[in-house]
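Note sheet for the following structure.
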Amino acid sequence: MNPIPYGKQSITEDDISSVVEALKSDFLTQGPRISKFEKAFADYIGSQFALAVSNGTAALHLCALALNVDAKTNVITTPITFAASANCIRYCNGTVYFADINHSTYCLDIEKTRELIQSKPKGFFKGIIPVDFAGNPVNMEQYRRLAEENELWIIEDACHAPGGYFTDSKGNHQNCGNGYYADLSIFSFHPVKHIACGEGGMITTNNEALYKKLLLLRTHGITKDAALMQENHGGWYYEMQTLGYNYRLTDFQAALGLSQLKRADDGLARRREIASRYFEAFKNKPYILGQTGVIEGHAYHLYVIRIGERKVLYDYLRGKNIYCQVHYIPVHTLPYYQNLGYNKGDHPVAEDYYKECLSLPMYPGLSNEEQEFVIEEIIKFYQGGIE
Ligand SMILES: Cc1ncc(COP(=O)(O)O)c(C=O)c1O
């Protein structure tokens, strides 16, 4: 059996020809494929605007800048996420507050978020960054209500959830990142994600003013748009109007993203099939303390089980060429955040979750045979018979 990772890109001949075609064209960066990819992605997600950037972390950083995060800004996020969801606030010298996760969704708990907001004077917090962790869609309608009551903005970190959706109070499906409830949403196109660009990211929004600000910030704060410029000396002229970055995606990465996007629904369907099989295999096993399960609208970037003896199982599976992963070490317990004064023990649901969680192999190219091997080895580990 070949090594089985927890996540993996799938690259087809069509993907390769699309990239080769881009490489043979006149544009390597910011060519026609960028806007095509942005348009196709916005259509897929159902947002008005989409802005392609160099990775998901850059997307978060630009969102924080566009929302004017600075040293006086306090923002709430979840401890169970990739560090970048919190780091984007630190890039702008803001302060991160963590609220604990919900014990069954493993996402930011809205009631704990509300309690945290109410524990401070009105106006203390400026924003919330909920994360559709593992692909589990956060009910953004509820967060919107909370945000409106407290004058907060929302950045939805939807890196795990392109194609995911929740059902709102009117019975409508709301796609993760569609801009209906969140001010800004972000995605990553890292190879283990649903759509791979190598590195890559996208910001989606329905807010035109924020979109225009992001356009400037993505390219050094520079514009060549005559309508926006204070002066115009000729065809070469540009103005740098704010301090921005170079967070552009290249045209050949966009070519790969565009080609991958065509198969996004197929990939999602396969992820859902894999999730159902894991759920069936583990549903009555006493040593499985929890599992992601079958959830409508879930995008299944990850399939998580909760188990005892996690490290022994993890090492055992590695010995069998099965490379599971742990998502995530609670962000507030990481040395950088510890050095800033965050305390272990402050978010017990997240910390207990971390002791028991394991992400099983989950990617469209995982074969039935490989999945059965993973399941058998886990069952063998707990029911005896380990060589
Ligand atoms: C939840 C979450 N947010 C942000 C990021 C950052 O994305 P990237 O790796 O593209 O910078 C990731 C990806 O690792 C992620 O999983």
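All residue numbers refer to positions in the sequence shown, counting from 1. Indexing begins at 1, ligand by ligand and atom by atom, following the structure's order.
You'll find the side chain of His332 reaches within 4.5 Å of the side chain of Glu351, heavy atoms only.
Under 3.5 Å, the side chains of Asn68 and Lys213 contain a donor-acceptor pair of N or O atoms.
Proximity of the aromatic rings of Phe189 and Phe41 is defined here by a centroid distance below 6.0 angstrom, and this criterion is met.
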Would Phe187 and Tyr44 count as a ring-ring contact (aromatic ring centres under 6.0 Å, His included) if you check the C-alpha gap in whole Å, the side-chain angles of each, and the deciding distance to 0.1 Å?
CA-CA 13 Å; Phe187 295 87; Tyr44 180 66; 8.9 Å; no
Which pairs of N or O atoms, one from ligand 1 and one from the protein, are separated by less than 3.5 Å, and what is the distance for each pair?
residue	atom	partner	partner atom	Å
ligand 1	3 (N)	Asp157	OD1	3.4
ligand 1	3 (N)	Asp157	OD2	2.7
ligand 1	10 (O)	Gly56	N	2.8
ligand 1	10 (O)	Ser188	OG	2.7
ligand 1	11 (O)	Gly56	N	3.3
ligand 1	11 (O)	Thr57	N	2.9
ligand 1	11 (O)	Thr57	OG1	2.5
ligand 1	14 (O)	Lys193	NZ	3.1
ligand 1	16 (O)	His160	NE2	2.8
ligand 1	16 (O)	Lys193	NZ	3.4
ligand 1	16 (O)	Tyr328	OH	3.2

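Here the rule is side-chain contact (heavy atoms from CB on, under 4.5 Å) with Arg33, and of Asp251, Leu256, Thr250, Val19 only Asp251 fits it.
In terms of the ring-ring contact (aromatic ring centres under 6.0 Å, His included) criterion, His194 has no residue partners (sequence neighbours excluded).
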